[in-house]
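The structure appears below as structure tokens.
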Amino acid sequence: MVDKTNIQGRIIKGVGGNYHVMTADGLFVCQARGLFRKEGISPLVGDIVEISVVDAVKAMGYLQKILPRVNQLVRPKVANVDQVVLVCAVVPPISFEVTDGFLINCEKQGVPAILCINKLELDESGGYMAVVKSYEMAKYRVFAVSAAKNIGLEELRQAMVGKTSILAGPSGVGKSSILNALYPQYSLAVGELSEKIQRGKHTTRHTSLLEVAADTFVVDSPGFTSFSIAHIEKEELQYCYPEFVPYLGECYYIDCIHITEHDCAVKAMVGIDIDEDRYERYTRYVTTGGKDR
């Protein structure tokens, strides 16, 4: 019997034109209406959608409507993310340039970010504290953890409760280790999703959305690659620095970009409320167009 009831759900995976939509009535495999293609609209993982159920027994349907998105990332392509958890590690050494690049892209795309420093057990000198100070001055929440030794994880877990988060960062920093330490059921959830969509053994070749706790989701993705800032105009870059924002519009020159101009409100706060090293990197990015990294 065909059931044409319209229900709401959220896309948790999209493969080969089939969209896997989790609803209160279970998981449905749906195809998009031709109207989406005609209007140049691509459904994304994370989209809240309205579907029409065409076969309740086989759990099949059609995507009828995409509800307005709060935001969307470019790489990976995912919508309605509450925050990016940017992971770096004391080993390999933290690259401030790469970290800045990730955070600048988050600001540009309007997605809140928090910073997680992993592998504290390998930092005998406590050098990570300089990173904490720099980015806390930049108005970011910073969590220092050890997935291997279970240090600092509860605070990070609380920051992810009730949110849809995506872990980003270079390879080798321990993103999967953190997820498995935070949510021991994470690997099981990945396996269950693979079984439900009958794609065989899970590999992170496609972006998917996993509910790891009540109302708490993690984007499982092959990678978050938005760290180049060469596409951002130098005049726009200042708006991607949260620590600059309170002082923008207070400079003598309306078009001030805070490098050589006099009576600059931003420059006046360097070393006081703005980290000197981060400001110096900003000046390099502006003068080189972000192409020197």
Side-chain angles (χ1 to χ4, degrees), residues 46 69-88 94-117 130-143 159 163-170 173 219 221 223-261 264-293:
R69 294 166 178 159
V70 175
N71 55 46
Q72 68 180 77
L73 298 177
V74 177
R75 291 185 299 271
K77 292 183 177 180
V78 61
N80 302 316
V81 172
D82 292 313
Q83 64 184 4
V84 171
V85 181
L86 177 57
V87 182
C88 54
I94 295 169
S95 168
F96 285 95
E97 289 77 10
V98 170
T99 302
D100 284 347
F102 274 107
L103 294 173
I104 288 168
N105 274 281
C106 290
E107 296 292 337
K108 180 65 175 175
Q109 297 180 72
V111 183
I114 61 178
L115 187 63
C116 174
I117 306 171
V131 183
V132 173
K133 179 182 177 182
S134 177
Y135 287 103
E136 284 187 342
M137 286 185 72
K139 316 303 181 186
Y140 290 103
R141 296 180 67 188
V142 184
F143 298 86
K163 298 181 182 296
T164 296
S165 304
I166 179 169
L167 269 68
V173 296
V219 178
S221 167
F224 186 109
T225 58
S226 297
F227 60 87
S228 170
I229 61 173
H231 62 289
I232 301 177
E233 297 294 333
K234 65 180 182 180
E235 293 81 8
E236 299 177 7
L237 194 58
Q238 59 187 307
Y239 300 102
C240 297
Y241 281 73
E243 65 269 44
F244 289 10
V245 171
Y247 312 107
L248 298 181
E250 301 298 322
C251 302
Y252 181 83
Y253 295 104
I254 295 176
D255 57 352
C256 185
I257 57 173
H258 325 297
I259 296 182
T260 60
E261 302 89 343
C264 171
V266 170
K267 288 198 299 180
M269 298 307 297
V270 174
I272 301 173
D273 200 35
I274 295 174
D275 180 71
E276 292 182 57
D277 291 337
R278 191 162 139 90
Y279 170 76
E280 288 300 322
R281 294 195 298 275
Y282 162 80
T283 64
R284 292 203 305 273
Y285 302 156
V286 170
T287 56
T288 64
K291 298 176 182 178
D292 63 331
R293 293 175 298 138

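As the structure is a computational prediction, the values presented were derived from the model and not from experiment.
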Worked verdict on E243 versus V270 for side chain to side chain contact (heavy atoms under 4.5 Å, CB included)
CA-CA 10 Å; E243 65 269 44; V270 174; over 6 Å; no
Contact check, side chains of [X] and [Y], non-hydrogen atoms, under 4.5 Å:
X	Y	value
V98	P170	yes
L237	Y285	yes
Q238	L248	yes
D273	P246	no

May I ask you to decide if the ring planes of Y282 and Y241 are parallel, tilted or perpendicular, using 30° and 60° as cut-offs?
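Because their plane-to-plane angle is over 60°, the rings of Y282 and Y241 count as perpendicular.
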Give the ring-plane orientation class for F244 versus Y279, where under 30° counts as parallel, over 60° as perpendicular and anything between as tilted.
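The rings of F244 and Y279 sit tilted, inter-plane angle from 30° to 60°.
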Check the pair T99 / Y135 against side chain to side chain contact (heavy atoms under 4.5 Å, CB included), numbers first and verdict last.
CA-CA 10 Å; T99 302; Y135 287 103; 3.6 Å; yes
Sub-3.5 Å donor-acceptor pair from the side chain of [X] to the main-chain atoms of [Y], do we have one?
X	Y	answer
K133	D275	no
E107	I104	no
K267	I259	yes
N80	V70	yes
Q83	A159	yes

Could you check V131 against V142 for side chain to side chain contact (heavy atoms under 4.5 Å, CB included), going step by step and ending with a plain yes or no?
CA-CA 9 Å; V131 183; V142 184; 5.8 Å; no
Might you work through the salt bridge (Lys or Arg N to Asp or Glu O under 4.0 Å) test for E236 and K108, ending with a clear yes or no?
CA-CA 9 Å; E236 299 177 7; K108 180 65 175 175; 2.5 Å; yes
Report the distance from atom [atom1] of [X] to atom [atom2] of [Y], rounding to the nearest 0.5 Å.
X	Y	atom1	atom2	value
F143	L115	CZ	CG	10.0 Å
H258	M269	NE2	CE	13.5 Å
N105	I232	CG	CD1	5.0 Å
I257	T283	CD1	OG1	10.0 Å
S134	E276	OG	CD	10.5 Å

Mind listing the closest non-hydrogen atom pair of P242 and A138 along with its distance?
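The pair with the smallest heavy-atom distance is CB-O, 3.4 Å.
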Determine the minimum heavy-atom distance between C88 and I94, stating which atoms define it.
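Between these two residues, the closest heavy atoms are SG-CD1, 3.9 Å.
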Using salt bridge (Lys or Arg N to Asp or Glu O under 4.0 Å), reason through D100 and R278 one step at a time and then give a plain yes or no.
CA-CA 8 Å; D100 284 347; R278 191 162 139 90; 2.9 Å; yes
For L103 and L86, run side chain to side chain contact (heavy atoms under 4.5 Å, CB included): C-alpha distance rounded to whole Å, both residues' side-chain angles, the deciding distance at 0.1 Å, then the answer.
CA-CA 8 Å; L103 294 173; L86 177 57; 3.8 Å; yes
Counting neighbours of NZ on K139 that are heavy atoms of other residues, nucleotides or ligands and sit closer than 6.0 Å, is the number greater than 12?
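More than 12 heavy atoms, drawn from other residues, nucleotides or ligands, come within 6.0 Å of this atom.
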